[in-house]
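One structure is given here, and the rest of the page talks about it.
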2 protein chains.
Amino acid sequence: MPENPKPDGRQTAERRAQRASLVGVAEAVGVSPSSVSNAYNRPDQLSAELRERILRTAAELGYPGPDPTARNLRRGRSGSLAMVFPERLPYPFTDPYAMLVLRGVAEGLAEAQQALMLVPGSPDQEADEGAVRNAAVDGFIVHSLLEENALFQVALARQLPIVVVDGPQVRGLDCITINDRAGTRAAAAHLLELGHQRIGVLTTRLTGHTNTGPVPPDERHLAVGIARQRLEGCAEAVLAAGLSWDDTVVMECSMTSVEAGHAGMRALLDTDPQVTGVVAFSDLIAVGARQAAAERGLMVPFDISIVGFDDVAQFENLTTIRQPAAEKGRLAVERLIELLSGAPQVPKHQVLPTELIVRGSTAPPPVLSRAAAR
Amino acid sequence: MPENPKPDGRQTAERRAQRASLVGVAEAVGVSPSSVSNAYNRPDQLSAELRERILRTAAELGYPGPDPTARNLRRGRSGSLAMVFPERLPYPFTDPYAMLVLRGVAEGLAEAQQALMLVPGSPDQEADEGAVRNAAVDGFIVHSLLEENALFQVALARQLPIVVVDGPQVRGLDCITINDRAGTRAAAAHLLELGHQRIGVLTTRLTGHTNTGPVPPDERHLAVGIARQRLEGCAEAVLAAGLSWDDTVVMECSMTSVEAGHAGMRALLDTDPQVTGVVAFSDLIAVGARQAAAERGLMVPFDISIVGFDDVAQFENLTTIRQPAAEKGRLAVERLIELLSGAPQVPKHQVLPTELIVRGSTAPPPVLSRAAAR
DNA sequence: CGCCTTTACTATAACGTTCCAGATCCCGTC
DNA sequence: GACGGGATCTGGAACGTTATAGTAAAGGCG
């Protein structure tokens, strides 16, 4: 036995046979590993003849080229960015808004020649922070997480560059948002200007916990993140119109989906049958709300008006607040790349514009009070 | 000078200060690196007291936990899978069918606790095969590539497990498809059974190259991949009905989009004004086709019938061939995980079922010949 | 002919882990 | 009192690269 077994249990030669590595190729050609590395990464550092010879032998040996992981370790870069969502992995593919953001990210990434890593998370379980802890990436784009979310905390602990989209807004972090307050303020104001006197609100989740039902006035300040901003926007418009915010019913939907909007609207109509105008914090919720209204015999916009948010329900003819979702993604990538470039940067908070898009789901309220008519 | 400069230009001590590593923590605590590693990975291998002490010091030093890249190198696994598309990165976020596949992949991945890496590619340029060459992943899911595509070749060269979705079908590779031929055969047969005598076909790209316009009979055999299968399905149905395949107009659309379908339909109507039934190889194309028909004053389904493919146009009331897109993604992941588990596997080809969904875009042809009526 | 530059290639030391095989100690047991 | 054995912890060699500095040979120039 010329060779004695190595600690790792396999003999070097045997290992070599399994799968060619860079030094394997080097030995076969009879040059140093550096030259093989250069053949792949810096063609100008060696003669064309040698390079040719190296690549040929590599092909013969079935060497698949430098191992990305080893290269990343040595270089200290991985060439890919991670995107983190608060929900399970399939979520971004079910919510058209999240998809638009993702699409923007994808567009930005394509230019930057980086890959995108989607890390699975779950809303409730802290079980699998593992995925974000173990993601071999250069930076994070964090979408719509709450500050106390475990996923977010783990991402922070990684000490990598982070760009936050849609909150949370944290000390030294870059952040890209819209002015959510102004958005819903415009939505509510639109209804009020049309003459509506009784507004209802269908909000997305107010906190990290799943909750459903009417939100009493004294609990509204507990809302966090985007929902809080949007709620405040509604309040501002309602108060500016001289109406009572406390008497305005706010209904919390269990999630951002058509079904949850449907259920929320039913509850809203049960709680306050006099509502003639509804501000929904998502187009999906608005679509569900319209269905629920129709089931009660209420025609949109003649009997009741609905304003959505995001402008993602293409075929629904919905009055809504448009926000540049894809742009958020693009900017996030752009910014992250800047951060990665190493130049020290002061954190930036970019606020993107929103726009009220008036379509066919809003109109003046019925002339006769609906309550009287019934 | 007690320490002389290290070759890499930075002194070890200085380096340590920059960012704590596992050995840095080990030194600080006064234990071996192995113990620190175990503190993170195998809590049962050390006393609770020591583990506690290690984690505390790690926190003090700001050590972010074991570096994923180094860990991956050592372990020989990266914990993430890559998905490769033939188009630029944003593409899967624009085509609802691709999105559904992606969503299925995401669902499968969530269960398997793996991350998903989306690698950018481009249809024409071979410039950035780099992304797939450098992706630090354990395996590939390759979607709808052609065999000669550079991206596909590079993925093959990586010698990692590969699962192919929607072709190409290659020697020892696992593959998940539907019976595309049977799908379009059913679509065309449906029209023929309704009584249509003159069928038109709107096909997706037939080859790797962008091409538009009518496909003469003697060029149809040049089609590759899925488009070829689907074309053959149409031919079979047409011939079985006793009609002439050579006289059936086949129009190639530049890409899979509403706009391209619109343009394709215009060209189809120009080429063969007598068509009363159209088989489109994608719902997006079908939607565009209907628009183009409407512009010519042709009402669907009264003047002309259209069958789509994929069943992804939710609001369009389209007769279509449904295929289990998300299921494809789920199965691909499942299979890939199996391959990664190491047990030697014989390659499997899974063929998923399709289903004709009859909705409002098909009807018997107009009783009077349209040509006569005009 | 000595000196300086360029070209082509190499030696060496990291990058930050984890795995495997011990080494040490303490305890109970025959 | 020797022995087996679990519980803890350590040593050292990989994993597969690449950056940096350096060497040797070849060419240019006064």
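B/Arg133 is linked by a side-chain hydrogen bond (donor to acceptor under 3.5 Å, both in side chains) to B/Glu129, counting only residues two or more places apart in sequence or in another chain. Take B/Arg158 and apply the salt bridge (Lys or Arg N to Asp or Glu O under 4.0 Å) test, not counting sequence neighbours, and it matches no residue. Not counting sequence neighbours, the partners of A/Glu338 by the side-chain hydrogen bond (donor to acceptor under 3.5 Å, both in side chains) test are A/Arg335. With sequence neighbours left out, B/Glu327 forms a salt bridge (Lys or Arg N to Asp or Glu O under 4.0 Å) with B/Arg330. Applying the side-chain contact (heavy atoms from CB on, under 4.5 Å) test to A/Glu147 and every residue at least two apart in sequence or in another chain returns A/Phe152, A/Gln153, A/Pro168, A/Val170. Partners of A/Thr69 by side-chain hydrogen bond (donor to acceptor under 3.5 Å, both in side chains), not counting sequence neighbours: none found. Legend: residues meeting side-chain hydrogen bond (donor to acceptor under 3.5 Å, both in side chains) with A/Gln169, ordered by chain and number and at least two apart, are A/His349. Taking B/Tyr63 as the reference, B/Tyr40 meet the ring pair (Phe, Tyr, Trp, His ring centres under 6.0 Å) condition, with sequence neighbours excluded. Residues passing the side-chain contact (heavy atoms from CB on, under 4.5 Å) test with A/Leu146, sequence neighbours excluded: A/Glu148, A/Val224.
In this model, a donor atom of one side chain and an acceptor atom of the other lie less than 3.5 Å apart for A/Ser78 and A/Asp138.
The nearest whole Å value for the distance from the CZ atom in B/Arg77 to the P atom in D/dG16 is 14 Å. For the pair A/Gln159 CD and C/dG16 P, the interatomic distance rounds to 13 Å; values are reported in whole Å. In this entry the distance linking CZ of B/Arg71 with P of C/dC15 reads 19 Å, nearest Å. Here D/dT17 presents its P atom at 12 Å from CG of A/Asn72, a figure rounded to the nearest Å. To the nearest angstrom, C1' of D/dT17 lies 12 Å from CG of B/Asn134. The CG-C1' distance, from B/Leu22 to D/dC15, rounds to 15 Å in whole Å. A/Asp67 has its CG atom 13 Å from the C1' atom of D/dT18, to the nearest Å.
Residue contacts for B/Asn41: at a heavy-atom cut-off of 4.0 Å it reaches the sugar-phosphate backbone alone, with no base atom in range.
In this model, the phosphate group of C/dC19 is approached by a side-chain N or O of B/Arg75 to a distance below 4.0 Å at OP1 or OP2. Remark: A/Arg74 is not in phosphate contact with D/dA19, judged by side-chain N or O atoms under 4.0 Å from OP1 or OP2. Regarding contacts with the backbone of C/dG16, every side-chain N or O of B/Tyr40 stays at 4.0 angstrom or more from both OP1 and OP2. Checking the phosphate oxygens (OP1, OP2) of C/dC19, a side-chain nitrogen or oxygen of B/Arg42 falls inside 4.0 Å.
Of the possible polar contacts, none joining the A/Asn149 side chain to the A/Leu145 backbone as a donor-acceptor pair under 3.5 Å is found.
A salt bridge is absent between B/Glu60 and B/Arg56: the closest approach of a Lys/Arg side-chain nitrogen to an acidic carboxylate oxygen does not fall below 4.0 angstrom.
Side-chain atoms of A/Ser37 stay outside donor-acceptor range of the base of D/dA19, with no qualifying N/O pair under 3.5 Å. The base of D/dG16 lies outside donor-acceptor range of the side chain of A/Thr69, with no N or O pair under 3.5 Å.
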Detail all sub-3.5 Å separations between protein N/O atoms and N/O atoms belonging to nucleotides 26-28 of chain C.
none

Strictly under 3.5 Å: I want the nitrogen or oxygen pairs between protein and nucleotides 7-9 of chain D, one per line.
| residue | atom | partner | partner atom | Å |
| --- | --- | --- | --- | --- |
| D/dC9 | OP1 | B/Ser47 | OG | 3.4 |
| D/dC9 | OP2 | B/Ser47 | N | 2.7 |
| D/dC9 | OP2 | B/Ser47 | OG | 3.3 |

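One axis for each end of the helix from C/dC1-D/dG30 to C/dC30-D/dG1, each built from five base pairs, and the angle between them comes to 50° at 10° resolution.
Of all nucleotides listed (D/dG16, D/dG12, D/dA19), D/dG12 comes nearest to the side chain of B/Ser34.
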